[in-house]
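Structure first, then comments.
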Amino acid sequence: MHIRLTSTAACIVAATAFSDGARGRRKAEQTRPGAESGTKPCFGPEGGSFSMPAPAGVVAVRAGRLFDSASGQMLTNQVLVLQGERLSEVGPAAQVKIPSDAQVIDLSQATVLPGLLDAHTHMFNNPKAGMSREVSTLIAIHNLQADLRAGFTTARDMSSHGNGYADVEMRNAINEGRLDGPRFKVSGRGIVWGPAIAANVPVNPLASMRITSAEEGRAAVREHAERGVDWIKLFPGGALFLHADRRRQTM
C-alpha cells in the first residue's frame, strides 16, 4: 500500500506491516492528451512519467495496538480516520464511526505508531576513489528508501558528504513524485571553519565549503540559501577528529 500524509500526527506506519513506500506530492506540468482510458500518467517538465495521485478520500485504519506517543501508552483496538491528508479522528473502535465511503485498512493484528523522525542522517557516503556520482546517488537513494521502510517518514540530512547539492535534488525528486521517500530536509555541502587551503591545492566544488572569515561565511550561507537548502550545517570546530594514536586531523 502507499500512504502519504502531510500532517506529522497523521503519518502512521505498522510495526509489523510497514508501508512499502510513500508517494510525494505531485507537481506535474501536464498530462498527455489522448491517453488511454484508466489512470493517466503525469509528465514532468524534463520528461519522465509517474502515476497520478489518487483523489483525496477517506481512509479508516483498524489498529490492533496503537502507540500514543503523547501519553506513552499502548492502546488496543483503535480506529484512525483520515480525511484526505489529515488525521480527523482517533479512538476506541466502539466509539469511532467509520464513514460508509471509507477505504478500510485492517491492521488489527499489527501495532501502529506515529511516523518516526530521523533528525541526523547522511544518505550520501563519502565517495570512494573512482566512484562515479551516479553510483553515489544510487547508494543514497537506497539509504533513503531503507529509512522510509524502517518507519521513518521524516528525515533531516546533515550535509551531502562530498556530493555537492545532490541532496537538494533528491529532496526535490521526492516532492515532485519521482522518488518514494520520507519528507526530506537537507543541508547541502555544509560549511567548515578552518585554515585557508594552499593556493596550489585544487578546491573540490562538491566538498564542504571551507571558510576563514565572517565575510566568507556570509557568502557560503548565501550560496546555500540560493541552492534551496532547508538547514545550514556548520562545522565550527573545523571538523577535527583524532586518530587512534591521538594525532589530530582536519577533515
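Small disclaimer: the values here were computed from a predicted structure and weren't measured. The figures that follow rest on heavy atoms only: side chains count, while hydrogens, waters and symmetry mates do not.
A distance-only check finds a donor-acceptor pair linking the side chain of Thr137 to the backbone of Arg133 [under 3.5 Å]. Distance alone, capped at 3.5 Å, is enough to place a donor-acceptor pair between the Ser213 side chain and the Glu216 backbone. Within the 3.5 Å criterion, the main-chain N or O of Val81 finds a donor-acceptor partner in the side chain of Ser88. Here the side chain of His161 pairs a donor or acceptor atom with the backbone of Phe124 at under 3.5 angstrom. His142 contributes no side-chain N or O that, together with a main-chain N or O of Leu138, makes up a donor-acceptor pair within less than 3.5 Å. Remark: the backbone N or O of Ala173 is not paired with any side-chain donor or acceptor of Arg178 at under 3.5 angstrom.
Using a 4.5 Å heavy-atom cutoff, the side chains of Val79 and Val90 are not in contact. Contact check for Arg65 versus Val112: no side-chain heavy atoms found under the 4.5 Å cut-off. Contact of the Pro127 side chain with the Asn163 side chain is registered, since non-hydrogen atoms from C-beta on lie closer than 4.5 Å. The shortest distance between side-chain heavy atoms of Pro182 and Thr154 does not fall below 4.5 Å. The closest side-chain heavy-atom distance from Arg156 to Phe184 is not below 4.5 Å. Taking the side chain as every heavy atom from C-beta outward, Asn125 and Ile139 approach each other to under 4.5 Å.
Arg189 and Glu223 are joined by a salt bridge, as a carboxylate oxygen and a charged side-chain nitrogen come within less than 4.0 angstrom of each other. Checked for salt-bridge contact, Lys233 and Asp157 miss the test: no charged N lies under 4.0 Å from a carboxylate O.
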Exercise. Go through the steps for Ile211 and Val192 under the test side chain to side chain contact (heavy atoms under 4.5 Å, CB included), then give the verdict.
Key: CA-CA 6 Å; Ile211 62 170; Val192 177; over 6 Å; no
Quiz item: Can you list the steps and then say if Ile174 with Leu144 is a side chain to side chain contact (heavy atoms under 4.5 Å, CB included)?
Solution: CA-CA 10 Å; Ile174 294 171; Leu144 180 87; 3.4 Å; yes
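Cluster annotation: Met158 and Val186 are assigned to distinct hydrophobic clusters (Ile/Leu/Val/Met/Phe/Trp/Tyr, side-chain heavy-atom contacts under 4.5 Å, transitive). Residues Met170 and Leu206 do not share a hydrophobic cluster, defined by chaining ILVMFWY side chains whose heavy atoms lie under 4.5 Å apart. Met131 and Ile141 are not part of a single hydrophobic cluster, where members link through side-chain heavy atoms under 4.5 Å apart. Both Met74 and Leu116 sit in one connected hydrophobic cluster of ILVMFWY residues. Membership requires side-chain heavy atoms under 4.5 Å apart, directly or through other members. In the hydrophobic clustering of ILVMFWY residues, with side-chain heavy atoms under 4.5 Å counting as a link, Tyr165 and Leu234 come out together.
Here Glu89 contributes atom CD and Ile98 contributes atom CD1; the two are 10.0 Å apart, rounded to the nearest 0.5 Å. Separating the CD1 atom in Ile191 from the CZ atom in Arg218 is a distance of 12.5 Å, to the nearest 0.5 Å. Here the CE-CZ distance, from Met209 to Phe235, works out to 13.0 Å after rounding to the nearest 0.5 Å. The CG atom of Leu113 sits 8.5 Å away from atom OG of Ser69, with the distance rounded to the nearest 0.5 Å. Rounding to the nearest 0.5 Å gives a distance of 7.5 Å between CG of Leu80 and CD of Gln78. Atom-to-atom distance recorded for His122:NE2 and Asn143:CG is 12.0 Å, nearest 0.5 angstrom.
Considering all non-hydrogen atoms of both residues, Asn126 and Gly162 come closest at OD1-N, 4.4 Å. Residue Arg171 comes nearest to Asp230 through the heavy atom pair NH1-OD2, 3.0 Å, listed as atom of the first residue, atom of the second, then distance. When every heavy atom of Ser187 is checked against every heavy atom of Val229, the shortest pair comes out as C-CG1, 3.8 Å. Contact detail for Gly115 and Thr153: the closest heavy-atom pair is CA-OG1, 3.3 Å. Gly228 approaches Val168 most closely through the heavy-atom pair O-CG1, 4.4 Å.
Remark: the Asp118 side chain and the Thr121 side chain contain no N/O donor-acceptor pair separated by less than 3.5 Å.
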